[in-house]
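Read through the structure below, which is laid out as structure tokens, and then see the notes.
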Amino acid sequence: MPEPLIDTFGRVHNNLRISVTDRCNIRCFYCMPAENVQFMERAELLTFEEMEKFVRIVAPLGVNKLRITGGEPLVRKGVPVLIEKLAAVPGIKDIGITTNGILFAEQAQDLFDAGLRRVNISLDALDPVKFREVTRRDGYEKVVESIHIAKKIGFDPVKVNAVAIRNLTEDQIIPFGQFARDTGVEIRFIEFMPLDADNAWEREKVLFASEILERLSADLMPLVPLPTKDPSAPATDFEFEDGVGRVGFIPSVSQPFCSNCNRFRITADGKIRNCLFSLEETDLKQMLRSGVPDADIIAAVRASITAKNAGHQINSADYVQPDRPMYSIGG
Ligand code: SAM
Ligand code: SF4
């Protein structure tokens with residue numbers, strides 16, 4: 001049995017996030033520029049076969065959890081085919097997707113039939129006007145429809161990711177809490193991270209998890225923490241005290257979860273990244289396309305994991321934002 005992917009801080013990496021495209025059909029201000037985005041050329045993207053090959057190489061190292069992301073993963077044609085290929089790789093136990101939900105409803109059954117079960121749908125506002133303010137596009141109704149369809153088809157869990165932004169989405173906190181209670185969908189509030197294309201992030205815009213928790217508890221109903229099932233999960237989960245409705249928090253800025261991180265990533269153009277915030281990458285595509293032995297690819301993955309920092313530096317004056325914004329890394 002090969003050694004698992006353990007870094008110098010003892011963190012075991014079993015969780016791979018695969019970005020399938022940097023393209024997107026909306027323009028969330030905290031991720032993409034409003035216009036004139038320079039997208040990757042098609043030939044630069046890893047093919048589904050290359051992604052599958054990589055997963056077959058790393059699965060024996062203990063990688064058993066995958067998440068498909070982007071850009072918006074569902075703007076790339078054939079994602080159900082990719083899911084089917086990945087679900088068939090021995091050792092892969094769990095495949096999820098993170099999507100903005102615009103195209104999810106129309107592909108949901110095919111994705112489910114391909115073996116996908118976990119879905120996170122991103123929605124920052126339960127209001128079409130505010131949705132447009134954040135995303136600079138229309139599509140609110142489609143996203144809400146996708147959430148309901150995901151539940152109806154039987155995806156489990158269905159979670160909603162909401163980036164919380166001060167002076168913009170405070171008024172969405174209580175409606176989201178109520179939505180969680182009414183639908184059984186877990187709402188996960190994510191703190192705004194400095195990974196936006198416009199470099200406009202400011203600490204003052206981060207709506208902290210603790211404030212959201214306080215507001216929900218005071219104005220809706222007290223929340224009680226749920227026992228942690230998976231210590232490497234980024235979200236801390238709560239339930240309303242009457243047992244109806246769950247809310248999670250991803251406090252990446254105020255309480256980074258780096259010490260339990262088990263993730264690494266490949267970008268759509270085939271670079272291995274050991275962290276969202278990493279300033280370095282390893283060129284996997286070049287290795288795959290030049291036909292190097294699998295052992296060389298394994299060595300490169302191990303080197304990348306070994307080089308992983310203890311944590312991100314968002315809270316330090318020395319923080320350097322990566323050249324790639326979120327949509328290009330794969331969130
Ligand atoms: N397009 C898909 C979506 O939006 O769900 C998948 C990719 S997106 C980059 C993945 C997640 O990252 C989304 O939930 C999005 O809200 C979140 N995200 C993007 N930029 C962010 C930022 N600067 N800070 C915090 N979360 C961010
Ligand atoms: Fe697109 Fe997702 Fe980025 Fe929004 S967060 S612009 S949906 S990739």
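By convention here, the first residue in the shown sequence is residue 1. Counting convention: from 1, in listed order, for ligands and their atoms alike.
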Q) So which protein residues pack against ligand 1 under 4.0 Å, heavy atoms counted? A) Tyr30, Cys31, Thr69, Gly70, Gly71, Glu72, Thr98, Thr99, Asn100, Ser122, Asn161, Val163, Ile190, Glu191, Phe192, Met193, Met326, Gly331
Q) With the threshold set at 4.0 Å, does a side-chain nitrogen-carboxylate oxygen contact exist between Glu50 and Arg289? A) yes
Q) Does atom CG of Asp323 have more than 12 heavy-atom neighbours, drawn from other residues, nucleotides or ligands, at distances under 6.0 Å? A) no
Q) Would one find more than 12 heavy atoms of other residues, nucleotides or ligands at under 6.0 Å from atom NZ of Lys151? A) yes
Q.
Would you say that Leu45 contacts Arg76 through its side chain, given a criterion of any heavy-atom pair below 4.5 Å between the two side chains?
A. yes
**Q.** Glu49/Lys85 ion pair, N-O < 4.0 Å
**A.** yes
Q) Is there a protein heavy atom at a distance of less than 4.0 Å from atom 2 (Fe) of ligand 2? A) no
Q: Look at the side-chain heavy atoms of Ile, Leu, Val, Met, Phe, Trp and Tyr, link any pair under 4.5 Å apart, and say whether Val63 and Leu276 land in one connected group.
A: no
Q.
Looking at Glu211 and Arg166, is any side-chain nitrogen of the basic one under 4.0 Å from a carboxylate oxygen of the acidic one?
A. yes
Q) Testing Arg273, Lys271, Met287 for side-chain contact (heavy atoms from CB on, under 4.5 Å) with Thr282, which one passes? A) Met287
(Q) Using the rule side-chain hydrogen bond (donor to acceptor under 3.5 Å, both in side chains), only one of Asp171, Asp124, Thr169, Thr135 pairs with Lys130; which is it? (A) Asp171
Q) Among protein atoms, how many N/O/S atoms lie less than 2.8 Å from atom 3 (Fe) of ligand 2? A) 1
(Q) Between Asp7 and Arg11, does any NZ, NE, NH1 or NH2 come within less than 4.0 Å of an OD or OE carboxylate oxygen? (A) yes
